[in-house]
There are 2 protein chains.
Amino acid sequence: MALTTESVADAAMRILSDFGLGDLTMRRLARELNVQPSALYWHVADKQSLFVLLAARMGAEADDLDRPAPGQGRLASTVDAITTYRGVLLRYRESADIVLLAYSHSGPTVLPSALSDLDADTRDFVIPYVLGSIAILQNRRLFAGEPLAPRTTGGGSDGHAEASFRTGLTRLLTG
Amino acid sequence: MALTTESVADAAMRILSDFGLGDLTMRRLARELNVQPSALYWHVADKQSLFVLLAARMGAEADDLDRPAPGQGRLASTVDAITTYRGVLLRYRESADIVLLAYSHSGPTVLPSALSDLDADTRDFVIPYVLGSIAILQNRRLFAGEPLAPRTTGGGSDGHAEASFRTGLTRLLTG
DNA sequence: ACCTGAACACCGTTCAAGT
DNA sequence: ACCTGAACACCGTTCAAGT
């Protein structure tokens, strides 16, 4: 049952999706793993670099989910892939705050390829839009306070919010 | 020298612009004001509602600065006003994180009129873009770590970052 | 009405020491 | 190599009690 960087990140992902960012503390994480808080620092430099790990995982998760529909233009499949990413982030409570930090710190490597493959100029206004939209949505949910929420974990669409997201995204991508 | 909600907010703005969000704690704030931490809670409900106060101040500050240039179209003057707001936020280290929280919590009232006057549908993709862009820029600066930084406090333009910001903004506003 | 003092229940991180 | 134990320097918030 030895600790690894992976097992630490796994536990962190679970805490994040089940309880949120407020409960994702190094001490809580250690408790969950039945070790002393100080043990974590052997496997991870500090909390910030744990965030980078988590962000990269969510990016990879979106890449895995994303098999582009055939007979689709470049624009449409990019919009779809980014929307898939949005769906992934929405499953991890305040993930957008984490990704925002991690991206500011480590650059596009923490993002899914749908975003990191864009040319640098496009990235500079698409990424803020994507992360900003999700962050606001997630913080709104946080304040709405769902103590035992009807978490729509099902793959269903998001309704108006998702449609609006796609509209803005399309405007930014069609310069 | 009695404490007021305003004097608390004033001190908080000073700490934010001089030292950043990491130093903006209730205890530090109390120390600066020569009172016990508990004294603050008579004037402000909690830290979150202090953030709402700060966000509203920055919105108002942008409104004050903004005298629209004559002979300009609606689009151009909106872009200018929002760019002015961006300039205000950039003077308060990690302000975008605060405004993001405050906006998620309290809605468009904490924003400058250039943003709150937009119709609801436009707001839904412009505001995430604006706050996301500034948040990323500010966090990048934070990690770049300027212990005794050459803070470009002068009113000079921001170069590429500002130009890119305006481009994206224009795309979003011209549906 | 406005503030102090003391407490409660926490944080992230470091580091000698153990195995 | 990997982890414990103890410490350091903090947090936000509450609440009885003082003036």
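Each chain gets a letter, A, B and so on, in the order its sequence line appears, and its residues count up from 1.
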For [N], what is the paired nucleotide under Watson-Crick or G-U wobble rules, both distances under 3.5 Å?
N: dC3(C); answer: none
N: dA17(C); answer: none
N: dA9(D); answer: none

Measure from [atom1] on [X] to [atom2] on [N] and round the result to the nearest Å.
X: D23(B); N: dC10(D); atom1: CG; atom2: P; answer: 10 Å
X: L29(A); N: dG12(C); atom1: CG; atom2: P; answer: 9 Å
X: R27(B); N: dT14(D); atom1: CZ; atom2: C1'; answer: 12 Å
X: L3(A); N: dT19(C); atom1: CG; atom2: P; answer: 20 Å
X: R31(B); N: dA9(D); atom1: CZ; atom2: C1'; answer: 11 Å
X: L40(A); N: dG12(C); atom1: CG; atom2: P; answer: 10 Å
X: L21(B); N: dC11(D); atom1: CG; atom2: C1'; answer: 13 Å

Practice prompt. Measure from the side chain of P37(A), starting at C-beta and using heavy atoms only, and say which of dT13(C), dC3(D), dT14(D) lies closest.
Written response: dT13(C)

Response to the item:
Taking dT13(C), dC3(C), dT4(C) as options, the one with an atom nearest any side-chain atom of Y41(A) is dT13(C)

Fill in: Within residues 43-53 of chain A: residues closer than 4.0 Å to DNA chain D (heavy atoms)
H43(A)

Worksheet item: How do A39(A) and M26(A) order along DNA chain C: which one's closest nucleotide is nearer the 5' end?
Response: M26(A)

Worksheet item: Hey, is the side chain of Q36(B) poking within less than 4.0 Å of OP1 or OP2 on dC3(C), counting only N and O atoms?
Response: no

Worksheet item: Is W42(B) near enough to dC2(C) that one of its side-chain N or O atoms lies under 4.0 angstrom from OP1 or OP2?
Response: yes

Item to complete: Would you kindly check whether a donor in the side chain of T25(A) faces an acceptor in the base of dG12(C), or vice versa, at under 3.5 angstrom?
Response: no

Worksheet item: Quick one: CZ on R166(B) to CZ on R171(B), what's the gap to the nearest 0.5 Å?
Response: 15.0 Å

Worksheet item: According to the interplanar angle, ranging from 0 to 90°, do the rings of F165(B) and Y129(B) count as parallel (below 30°), tilted (30 to 60°) or perpendicular (above 60°)?
Response: parallel

Worksheet item: Mind checking whether M26(B) and W42(B) sit in one hydrophobic cluster, side chains of I, L, V, M, F, W, Y counted as touching below 4.5 Å?
Response: no

Worksheet, complete the sentence: Shortest non-hydrogen pair, L33(B) vs A11(B), comes out as CD2-CB, 3.9 Å

Worksheet item: If you look at every heavy atom in I82(B) and A114(B), which pair is closest and at what distance?
Response: CG1-CB, 4.1 Å

Worksheet item: Who are the side-chain contact (heavy atoms from CB on, under 4.5 Å) partners of S77(B), not counting sequence neighbours?
Response: Q72(B)

Worksheet item: dA9(D) and dC8(C): how far apart are their P atoms, nearest whole angstrom?
Response: 22 Å

Worksheet item: Got a salt bridge between R28(B) and E32(B), using NZ or NE/NH1/NH2 to carboxylate O under 4.0 Å?
Response: yes

